[in-house]
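Structure first, commentary second.
None of these values were measured; they are calculated from a predicted model. Along the sequence shown, residues are numbered consecutively beginning with 1.
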Amino acid sequence: MELGRVQTLYIDHTTDFGVYLCEEQDLGRREGECVLLPRKQVPANAGKKDAVEVFVYKDSSDRLIATTRMPKLTLGELAVLKVLEVNKIGAFLDWGLEKDLLLPYSEQIVKVKKGEEYLVALYIDKSERLCATMKVYEFLRADAPYKAGDEVSGIVFGKNPEYGVFIAVDGKYHAMIPKNELVRELRIGDRVDGRVLGVREDGKMNLSLREKGYIQMDIDLVTIMKKLDENDGFLPYHDKSAPEEIRAEFGMSKNEFKRAIGRLYKNRKITITAEGIQKLS
């Protein structure tokens with residue numbers, strides 16, 4: 001009988017509260033470990049020795065209990081779960097069962113908020129209880145079926161100012177958006193769509209939030225012209241502006257900005273001065 005996993009157990013005996021389930025080899029042996037399946041979850045017409053697929057966890061009194069309801073994740077798996085409550089011992093997550101799942105403060109990598117969703121894994125703590133953790137790096141896989149150029153979706157699970165932002169693609173595959181590809185601020189728990197730049201030798205992916213160059217150029221041109229229209233045709237940015245200022249204002253690198261204003265200048269859409277860029281009428 002395995003805590004935290006879906007398994008097939010067998011009806012040993014019935015009580016007023018429900019039926020007790022055992023592993024097949026323990027049927028009829030009261031010294032064998034059995035677990036209660038509450039009466040409201042007992043399948044119709046089920047009888048002694050019948051097989052029942054259940055998930056085994058612990059109730060509010062830390063007693064083993066079975067349920068025919070399937071949780072949103074099992075031991076060693078990953079899932080994106082919503083925070084239902086935050087109190088002095090941690091956060092409680094909706095994982096599809098009557099008893100909510102505890103995410104202890106010690107397993108949070110950022111302070112979580114009620115109503116927000118986060119990627120977590122399920123593990124057994126030192127007290128033999130099922131808990132959630134946001135420290136999911138070791139649970140992720142490095143065998144994604146994607147290649148360079150593929151469009152993917154994922155959720156942010158970590159950040160490193162030196163390297164970039166870590167993404168769980170499809171909620172289960174290792175990926176990173178390198179620092180130089182970050183065009184906007186991302187938070188833990190944010191969902192992102194990106195493009196695979198490449199797959200490293202270790203099987204982990206590098207992603208970009210931006211489109212392929214020839215597509216992104218057109219997007220950048222529209223972005224700059226729209227901002228000019230919103231600011232009476234003038235913006236105090238040019239090819240000498242600081243890269244961080246350009247990224248914060250336009251969501252693009254300095255090189256991308258320079259290419260875009262170069263194209264606009266060539267097409268006689270703007271003029272470039274020492275003070276910034278001016279839209280031509």
What's the verdict on side chain to side chain contact (heavy atoms under 4.5 Å, CB included) for Leu207 and Met176, showing C-alpha distance, side-chain angles and the deciding distance? CA-CA 6 Å; Leu207 308 181; Met176 180 179 74; over 6 Å; no
Worked check of salt bridge (Lys or Arg N to Asp or Glu O under 4.0 Å) between Asp150 and Lys147: CA-CA 6 Å; Asp150 285 348; Lys147 62 184 184 302; 3.5 Å; yes
In sequence, state the C-alpha distance, the side-chain angles, and the governing distance for Glu185 and Lys159, and then conclude on salt bridge (Lys or Arg N to Asp or Glu O under 4.0 Å). CA-CA 11 Å; Glu185 181 69 22; Lys159 300 173 67 175; 2.9 Å; yes
Applying side chain to side chain contact (heavy atoms under 4.5 Å, CB included) to Arg263 and Asp220, what does each step give before you reach the verdict? CA-CA 10 Å; Arg263 174 74 64 82; Asp220 292 344; over 6 Å; no
Apply side chain to side chain contact (heavy atoms under 4.5 Å, CB included) to residues Leu130 and Leu75 and explain how you reach the verdict. CA-CA 8 Å; Leu130 292 171; Leu75 194 62; 4.2 Å; yes
From CA spacing to verdict: salt bridge (Lys or Arg N to Asp or Glu O under 4.0 Å), Glu249, Lys227: CA-CA 9 Å; Glu249 178 66 26; Lys227 284 187 173 290; 3.5 Å; yes
Show your working on side chain to side chain contact (heavy atoms under 4.5 Å, CB included) between Val86 and Phe92 and close with a plain yes or no. CA-CA 6 Å; Val86 179; Phe92 287 88; over 6 Å; no
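Tyr57 and Tyr123 are assigned to two separate hydrophobic clusters, defined by single-linkage of ILVMFWY side chains at heavy-atom distances under 4.5 Å. Both Tyr105 and Leu122 belong to a common hydrophobic cluster when Ile, Leu, Val, Met, Phe, Trp and Tyr are linked at side-chain heavy-atom distances under 4.5 angstrom. Using a 4.5 Å cut-off between side-chain heavy atoms of Ile, Leu, Val, Met, Phe, Trp and Tyr, with links allowed through other members, Leu140 and Ile188 fall into different hydrophobic clusters.
For Tyr237 and Phe250, the distance between ring centers is under 6.0 angstrom. The six-membered or imidazole ring of His174 lies near that of Tyr137, with a centre-to-centre distance under 6.0 Å.
Between the side chains of Glu53 and Thr8, not a single donor N or O lies within less than 3.5 Å of an accepting N or O.
Taking the charged nitrogens against the carboxylate oxygens, Arg195 and Glu181 have no contact shorter than 4.0 Å, which rules out a salt bridge. Using a cutoff of 4.0 Å between basic side-chain nitrogens and carboxylate oxygens, Arg5 and Glu2 are scored as salt-bridged. Electrostatic pairing of Lys172 and Asp170 does not count as a salt bridge here, judged by no charged N lying under 4.0 Å from a carboxylate O. Salt-bridge formation is not detected for the pair Lys72/Glu77: no Lys NZ or Arg NE/NH1/NH2 atom is positioned less than 4.0 Å from an Asp or Glu carboxylate oxygen.
Looking at heavy atoms from C-beta onward, Lys58 lies out of side-chain contact with Arg63 at the 4.5 angstrom threshold. The shortest distance between side-chain heavy atoms of Ile155 and Asp190 does not fall below 4.5 Å. In this structure, the side chains of Asp193 and Val152 stay at 4.5 Å or more apart for every pair of heavy atoms. For the pair Thr68 and Leu37, the minimum side-chain heavy-atom distance is below 4.5 Å. Contact of the Asp62 side chain with the Arg129 side chain is registered, since non-hydrogen atoms from C-beta on lie closer than 4.5 Å. With contacts defined as side-chain heavy-atom distances shorter than 4.5 Å, the pair Leu36/Phe17 qualifies. Counting only heavy atoms from C-beta outward, the side chains of Asn87 and Glu85 approach each other to under 4.5 Å. Side-chain atoms of Ile11 and Tyr20, non-hydrogen and from C-beta on, never get closer than 4.5 Å to each other.
Under a cut-off of 6.0 angstrom, the local environment of OH in Tyr265 is sparse, with at most 12 non-hydrogen atoms contributed by other residues, nucleotides or ligands. Atom OH of Tyr163 is surrounded by 12 or fewer heavy atoms from other residues, nucleotides or ligands within 6.0 Å. In the displayed structure, Lys269 atom NZ is contacted under 6.0 Å by at most 12 heavy atoms of other residues, nucleotides or ligands. Heavy-atom neighbours of Arg39 CZ from other residues, nucleotides or ligands within 6.0 Å: at or below the threshold of 12.
Counting only distance, with no hydrogens or angles, the side chain of Lys254 and the backbone of Ser241 share a donor-acceptor pair below 3.5 Å.
Tested against Thr67, the residues Gln41, Lys99, Glu98 include a single side-chain hydrogen bond (donor to acceptor under 3.5 Å, both in side chains) partner, Gln41.
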